[in-house]
Amino acid sequence: MNDLENRLRHDARPLRAASSNAASSELANAIANDIRERQLGPRSRFGLWLGIGLPLAVAATALWFMTPAATVQGPVETLAVAQPDGPSLVALSPIDIDALETVSSSAPLEAEWDALMQDLERAKTEIQKDLPINF
Amino acid sequence: MKSDESALIAAAKEGSAGAFCQLAESYRNTLFRFLWLRCGNRADAEDAVQDALLSAWQYLDTYRDRWQFSTWLYRIALRKLKKPNRHIVPIDGETGTEDDVLSGLERDNLWRIARTELKEQPLLAMWLHYGEGESISDIALALSRSESWVKVNLMRARNKLAETMGAQTG
């Protein structure tokens, strides 16, 4: 096997010589030009990131803080919501109103809602029976 | 790694195009041989060399000196090869597409036989080991394989070549 290995190394020489001639100086020039033209070397790329990316990030962050979380347009509708200490009014956005109107216009859903509220009342009564008097 | 090469790499990482051009020049032929053997034709190999060196320049900050620089270049170069390896046929084969790597070699040149008999990765492993003197570990890194794979495939490739030569002479 050593003979084979030696032969492989020996026979590589013509291939190395042929490739040295084949890899032309035109290729060398093309590579050098490419590298010089694209001065996007390691440091330049970092500079690019810093110069463009950082201002963009700052602008995006400022925009985020400047935009209000929710914008209510139009008249503010309210809904009376049952609470343990008495009903309270909750301000609704137009989106909420649309959703409720959609729900309330549907008769089967209304019946289901009523059934749920009755169950809730029954559960509340049962719990209150079990609670100690001074709770 | 040689100290002058380290200095060139350091300078190139700082953005010196001139330093990188020197590095590129020192590895151009090595890369070309590797890719020429892989592609089979000069034009594809030259394109791949150019693409590989340009990528190396752009991503030089990812290079770590625990790698040989040549190993890192080989790995980039293999990734840059877009075209699949053409079916290798002998010059006087029936479907003969001229392969200029083989055309310059003597008929009994072992690499001529290797290029027609071996699959791509074992051929490249053989070349890196016997043609360029790379270590098993560097070959494994360059080809994204394990060292065991490299050792086994080098052995199989040698056996295959020995068998082919025996068949040709016997």
Side-chain angles (χ1 to χ4, degrees), chain A residues 1-70, chain B residues 12-18 20-22 24-25 28-37 42 45-47 49-54 56-63 100-106 108-115 126-127 129-133 154-155 157-159 161-162 165:
Chain A
M1 197 54 74
N2 276 338
D3 286 343
L4 179 66
E5 291 178 307
N6 291 337
R7 174 109 179 254
L8 281 165
R9 291 185 181 101
H10 176 268
D11 285 2
R13 287 180 210 163
L15 192 57
R16 292 166 67 96
S19 68
S20 296
N21 296 333
S24 61
S25 58
E26 288 165 8
L27 173 62
N29 291 336
I31 291 166
N33 288 339
D34 264 346
I35 288 166
R36 290 202 160 87
E37 277 170 20
R38 296 191 195 200
Q39 279 291 331
L40 245 65
R43 293 290 177 239
S44 300
R45 272 194 294 122
F46 178 72
L48 203 63
W49 276 109
L50 210 57
I52 293 174
L54 193 58
L56 274 176
V58 168
T61 309
L63 207 63
W64 173 261
F65 282 112
M66 280 163 54
T67 307
Chain B
K13 279 188 168 188
E14 290 297 318
S16 167
F20 188 81
C21 283
Q22 285 186 59
E25 185 56 28
R28 178 172 55 90
N29 286 342
T30 308
L31 259 187
F32 178 79
R33 283 194 286 271
F34 176 71
L35 292 168
W36 195 30
L37 196 68
R42 184 179 310 185
E46 286 191 349
D47 287 346
V49 168
Q50 199 166 342
D51 288 345
L53 289 173
L54 199 54
W57 167 238
Q58 287 178 336
Y59 296 104
L60 193 58
D61 51 352
T62 65
Y63 170 71
D100 64 14
V101 177
L102 300 183
S103 63
L105 300 177
E106 303 270 338
D108 63 349
N109 189 294
L110 266 183
W111 291 104
R112 190 181 176 116
I113 301 168
R115 202 153 181 280
M126 288 285 276
W127 176 254
H129 192 58
Y130 295 110
E132 301 289 357
L154 283 177
M155 183 195 68
R158 286 194 300 264
N159 290 343
L161 286 179
M165 284 167 60

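Below, each value reflects all heavy atoms present in this structure, side chains not excepted, and no hydrogens, waters or symmetry copies. Chain letters run A, B, ... following the sequence lines, proteins first, then strands; residues in each count from 1.
- Heavy atoms of B/E132 lying under 4.5 Å from chain A belong to its backbone as well as its side chain.
- In this structure, chain A has a heavy atom under 4.5 Å from the side chain of B/E25, while its backbone stays farther away.
- Nearest heavy atom pair, residue B/D108 against residue A/R7, reads O-NH2, 2.5 Å.
- Note that the CD atom of B/Q50 and the CG atom of A/N33 stand 9.0 Å from one another [nearest 0.5 Å].
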(request) Using the side chain to side chain contact (heavy atoms under 4.5 Å, CB included) rule, take A/L4 and B/M165 through it: C-alpha gap first, then chi angles, then the decisive distance, then the call. (result) CA-CA 10 Å; A/L4 179 66; B/M165 284 167 60; 3.9 Å; yes
(request) Dump the intermediate steps for side chain to side chain contact (heavy atoms under 4.5 Å, CB included) on B/L154 and A/E5, then the final yes or no. (result) CA-CA 11 Å; B/L154 283 177; A/E5 291 178 307; over 6 Å; no
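- Of all heavy-atom pairs spanning A/A12 and B/G131, the tightest one is CB-CA, 3.9 Å.
- Looking at B/N109, its side chain does come within 3.5 Å of a backbone N or O of A/D11 through a donor-acceptor pair.
- Across every non-hydrogen atom of A/L8 and B/W111, the tightest pair is O-NE1, 2.8 Å.
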